[in-house]
Amino acid sequence: MESEQIEKVVIIGSGPAAHTAAIYAARAELSPVIFEGLMAAGVAAGGQLTTTTEVENFPGFPEGIEGPALMDRCRAQSLRFGTRIFTETVESVDLGSRPFTLRSDSRVLRAESLIIATGATARRMDIPGAGDGQLWQRGISACAVCDGALPIFRGQALYVVGGGDSAMEEAGYLSKFASQVTIVHRRDSFRASKIMQQRALDNPKIAFLLNHGVVEARGDGRLQSLLVENLGSGERRELPAGGLFFAIGHLPNTGFLDGQLDLDADGYVVTRPGGTQTSVAGVFAAGDVQDKTYRQAITAAGSGCMAALDAERFLAHG
Ligand code: FAD
Ligand code: NDP
């Protein structure tokens, strides 16, 4: 199972960062390998954009493009320049000495340089009733675009928790199916971009419950109601609910690194300012796994390009 060959560049991930890194590395004749994951971190190969509909802010697509279609095109472009893609999840790495060693469930690879582009995963709220084996996936989801069109949500009163772009976008998407969508947010101002906020405010099917939290999910076999709390007064009330969607941000996919790279307090890979070098020479990081500020497809792609150029320089000069 162990490969004798030592790869020059191995890329872990499958979003815009990974494929941009592959395109640049392949064109630099570094013959890159991508491990794109097999439902790694619960997301299909292609990453977070496979869970969304229209992407309207990626340059070059003035009419917009569906997220999955954009990622199919990125993958095709990686393949076009000779990238080898394994549909396997990297389960562990050994970064203690070079060449580095990577393990999936069916192969062991060695690599002179490594680009980590494993992205981030939607977070869930740890409230009574919402756990696995309770009402999770029985009316509770962390991906409106993946689940919102299901018959159980049609014509229902749906709730979205969060105040970022995801909450606005998911509420807009759900409003096509729901009787009403309520955005529950813990503060009275949003971090979402102005345009996304405005769309939600202009949508007559979207209501807002500000300075509130969801404290419990209730139902017999499927979600039927939510207990919400006014975070100012502490007053609680029960609201009938056909669906609850978490849009409360993401966790970086860094578990497989097993503490071998420096991470920040939230688990994001730390990179040298202005570049993609991590705490281990020859290991670079790109995209959402190292970026909690911008977290956009285009910034992920940009840092994927930087990582490939950094890896190329590292291989040339050490
Ligand atoms: P990701 O897209 O996070 O993909 C990384 C992938 O790598 C994982 O999903 C998994 O498939 C794979 N992986 C993880 N671990 C492993 C492993 N151990 N081994 C192998 N493979 C692994 N941005 C925009 O610019 N415009 C938008 O309109 C937009 N809409 C969005 C809508 C939603 C609902 C969400 C959630 C995000 C949206 N974003 C949007 C943000 C954008 O999707 C991300 O910024 C971008 O996808 C990050 O790319 P990435 O390359 O870092 O990795
Ligand atoms: P964000 O981190 O931007 O927002 C998360 C929201 O959830 C915040 O409002 C936060 O509240 C709230 N929150 C976090 N934890 C809890 C909790 N435990 N209980 C209640 N509320 C909580 O994440 P998003 O997923 O919205 O966005 C991530 C990135 O993806 C952003 O960069 C965004 O721009 C991008 N994106 C872009 C889109 C587009 O351009 N069309 C669409 C979707 C995402 P608080 O504000 O109080 O911290």
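Computation of the quantities below employed the complete heavy-atom set of this structure, encompassing side-chain atoms and omitting hydrogens, waters and symmetry-equivalent molecules. Counting starts at 1 for both ligands and their atoms, following the listed order. These numbers were taken from a predicted model, which means no experiment stands behind them.
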### Task
Assess whether atom CZ of Arg80 is packed by more than 12 heavy atoms of other residues, nucleotides or ligands within 6.0 Å.
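Not more than 12 within 6.0 Å, no.
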
Answer with yes or no whether [X] contacts ligand 2, where contact means a heavy atom under 4.0 Å from a ligand atom.
X	answer
Arg123	yes
Gln48	no
Lys292	no
Tyr294	yes

Using a 4.0 Å cut-off to any heavy atom of [X], which atoms of ligand 1 qualify?
X	value
Ala17	51 (O)
Phe35	20 (C), 21 (N)
Glu88	20 (C)
Thr89	17 (C), 18 (N), 19 (N), 20 (C)
Ala44	11 (O)
Gly37	20 (C), 21 (N)
Ile12	17 (C), 19 (N), 20 (C)

Is any N or O atom of [X], backbone or side chain, closer than 3.5 Å to an N or O atom of ligand 1?
X	answer
Gly287	no
Asn57	yes
Asp288	yes
Gln296	yes
Arg295	yes

#### Entry: Geometric cation-pi criterion, Arg124 with Phe246: 6.0 Å, 45°
no

### Query
Do the ring planes of Phe314 and Phe284 sit parallel (below 30°), tilted (30 to 60°) or perpendicular (above 60°)?
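Geometry flag for Phe284 against Phe314: perpendicular rings.
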
### Query
Taking the six-membered ring for Trp, are Phe58 and Phe61 parallel (under 30°), tilted (30 to 60°) or perpendicular (over 60°)?
tilted

If you measure from each non-hydrogen atom of [X] to ligand 2, which part falls under 4.0 Å: side chain, backbone, both or neither?
X	result
Arg191	side chain
Val55	neither
Met196	side chain
Ala247	backbone

Using only heavy-atom distances, determine whether the side chains of [X] and [Y] contain a donor-acceptor pair under 3.5 Å.
X	Y	value
Arg84	Ser31	yes
His19	Ser78	yes
Thr118	Asn253	no
Asp310	Gln277	no

## Note on the structure
Interatomic distance, CD1@Ile195 vs CZ@Arg199, rounded to 0.5 Å, equals 4.5 Å

### Between CG on residue Leu109 and CD on residue Glu88, distance to nearest 0.5 Å
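Here the interatomic distance stands at 8.5 Å.
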
Taking only heavy atoms of [X], which atoms of ligand 2 are found under 4.0 Å from at least one of them?
X	result
His250	25 (O)
Arg187	45 (P), 46 (O), 47 (O)
Gly162	7 (O)

Please state which option from [options] has its nearest heavy atom closest to [atom].
atom	options	result
atom 6 (C) of ligand 1	Gly46, Gly119, Ser14	Ser14
atom 36 (C) of ligand 1	Met71, Gln48, Gln290	Gln48
atom 27 (O) of ligand 2	Gly67, Ser189, Ser166	Ser166
atom 47 (O) of ligand 1	Pro16, Ala297, Gly249	Pro16
atom 33 (C) of ligand 1	Glu56, His250, Glu91, Glu169	Glu169
atom 14 (C) of ligand 1	Leu70, Leu257, Thr118	Thr118

Using non-hydrogen atoms of the residue, decide whether [X] is closer than 4.0 angstrom to ligand 1.
X	answer
Ala301	no
Ala120	yes
Met39	no
His19	no

### Query
Nearest protein heavy atom to atom 43 (O) of ligand 1, by residue and atom, and its distance?
Leu49 CD2, 3.2 Å

### Task
Check whether any N or O atom of Thr293, backbone or side chain, sits under 3.5 Å from an N or O atom of ligand 2, and answer yes or no.
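In this structure, Thr293 places no N or O atom under 3.5 Å from an N or O of ligand 2.
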
### Query
Judging by distance only, is a nitrogen or oxygen of Gly163 under 3.5 angstrom from one on ligand 2?
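N/O-N/O distance under 3.5 Å: yes.
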
### Query
Does Arg138 come within less than 4.0 Å of Asp132, counting only side-chain N to carboxylate O?
no

### Query
Does the ring center of Phe190 lie less than 6.0 Å from the ring center of Phe208?
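Yes, close enough.
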
#### Entry: Qualifying residue, where the test is side-chain contact (heavy atoms from CB on, under 4.5 Å) with Met306 and the options are Thr276, Thr20, Ile115
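The single option meeting the side-chain contact (heavy atoms from CB on, under 4.5 Å) with Met306 is Thr276.
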
### Message
Counting only heavy atoms closer than 4.0 Å, does ligand 1 sit against the backbone of Ala117, its side chain, both, or neither?
### Response
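The part of Ala117 near ligand 1 is the backbone, not the side chain.
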
### Query
Restricting to pairs with a member in residues 172-194, which pass salt bridge (Lys or Arg N to Asp or Glu O under 4.0 Å), not counting sequence neighbours?
none

### Message
Restricting to non-hydrogen atoms, name the atom on Val184 and the atom on Tyr159 that form the minimum distance, rounded to 0.1 Å.
### Response
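Minimum heavy-atom contact is CG2-CD2, 3.8 Å.
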
